[in-house]
Structures are given as C-alpha cells and as structure tokens.
Amino acid sequence: MLCATSRPFCTWSFTLRLRLALIGLRLLRPSHSSKAVGDPPFFLASAVFFAIKDAIVAARTEAGHKETWFPLDNPATPERIRMACLDEFTAPFVCML
C-alpha cells in the first residue's frame, strides 16, 4: 500500500544516483571563500559615500574654498554633509583651523 506522503521509488533512485555522482565529482576550480554575498553591498555603500564626498567638494569649490581635504566621518548624516559644505550659512558654526 502506498501512503500519500511516501515518495515513488524512481525519485529515491534518482536522488541516490545524484548524490553518488556529486561525491565522485572533482572540482577543477574550487571556490574558496566566495565573496558573492558580502562584498557587493559593501562596495556599493562606499561608492555612495565617495559620491557624497565629491558633491561636497563641488559645493565647497562653488562657495570659494579651494582646499579639497576635509573630514567626513561615517555615517554621512545630513547634518554632517551640510556642515561640510562650508557656505555662508554654515561658516559661523565651523571652527576654521
């Protein structure tokens, strides 16, 4: 008698053959520590951070500041981005060294 939850014999046979085939398979180029999951989001976030930094450099140049180096810590919050732009509104609040 065949139960409703049991698998047919042909499925079990196929699964067994597939497992034996995979055990005997030798990989020519094994993947060691694949970076397919962790690295793309990390580098995408870095690209956004440096795009924000380039926009700040453009805003500072437009406001008349020629120096290209400025501190911008992560996370780049709207407040930090606004204070890094150095225009006539943020100038009184920024300590110039």
Side-chain angles (χ1 to χ4, degrees):
M1 183 163 105
L2 195 62
C3 173
T5 59
S6 66
R7 293 185 290 174
F9 179 73
C10 62
T11 306
W12 179 81
S13 174
F14 174 75
T15 307
L16 181 64
R17 281 185 279 148
L18 180 63
R19 285 184 187 159
L20 290 176
L22 289 177
I23 289 172
L25 181 68
R26 290 184 156 241
L27 295 175
L28 298 176
R29 295 174 56 189
S31 61
H32 296 288
S33 67
S34 176
K35 311 249 184 325
V37 176
D39 286 350
F42 175 73
F43 288 116
L44 182 61
S46 297
V48 171
F49 178 76
F50 287 114
I52 290 171
K53 200 157 182 172
D54 288 343
I56 293 171
V57 167
R60 290 168 69 105
T61 304
E62 188 177 303
H65 298 281
K66 299 298 180 194
E67 68 273 358
T68 58
W69 186 89
F70 59 92
L72 182 64
D73 297 330
N74 270 332
T77 60
E79 293 83 12
R80 289 180 181 172
I81 294 169
R82 182 71 178 116
M83 292 305 290
C85 287
L86 283 184
D87 56 5
E88 65 270 6
F89 300 111
T90 60
F93 303 105
V94 176
C95 177
M96 300 298 288
L97 298 177

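Model, not experiment: these values are computed from the prediction.
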Next item on the list: Could you tell me which non-hydrogen atom of Met83 sits nearest to which non-hydrogen atom of Phe93, and how far apart they are?
Entry: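 In this case the closest contact between Met83 and Phe93 is CE-CB, 3.6 Å.
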Item checked: Over all atoms of both residues, closest heavy-atom pair of Trp69 and Arg60 ->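 Shortest heavy-atom contact: O-NH2, 4.3 Å.
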Next item on the list: Report the residues that fulfil side-chain hydrogen bond (donor to acceptor under 3.5 Å, both in side chains) with Arg80, sequence neighbours left out, ordered by chain and then residue number.
Entry: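 Here no residue qualifies.
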Item checked: side-chain hydrogen bond (donor to acceptor under 3.5 Å, both in side chains) involving Thr90 - partner list, sequence neighbours excluded ->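 With neighbours one apart ignored, the set is Asp87.
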Item checked: Val48: hydrophobic cluster co-members (side-chain, 4.5 Å) ->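 Hydrophobic cluster check, Val48: joined to Phe49, Phe50, Ile52, Ile56, Val57, Phe70, Leu72, Ile81.
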Margin query: Within the supplied structure, the quantity of interest is the number of heavy atoms (other residues, nucleotides, ligands) at a distance under 6.0 Å from Glu88 CD; does it exceed 12?
Written below: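 Result for CD/Glu88: enclosed.
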Note to self: Give me each pair satisfying side-chain hydrogen bond (donor to acceptor under 3.5 Å, both in side chains) with a member in residues 40-58, each pair once, sequence neighbours excluded.
What the structure shows: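 Every candidate side-chain hydrogen bond (donor to acceptor under 3.5 Å, both in side chains) pair involving residues 40-58 fails, so no pair, neighbours aside, qualifies.
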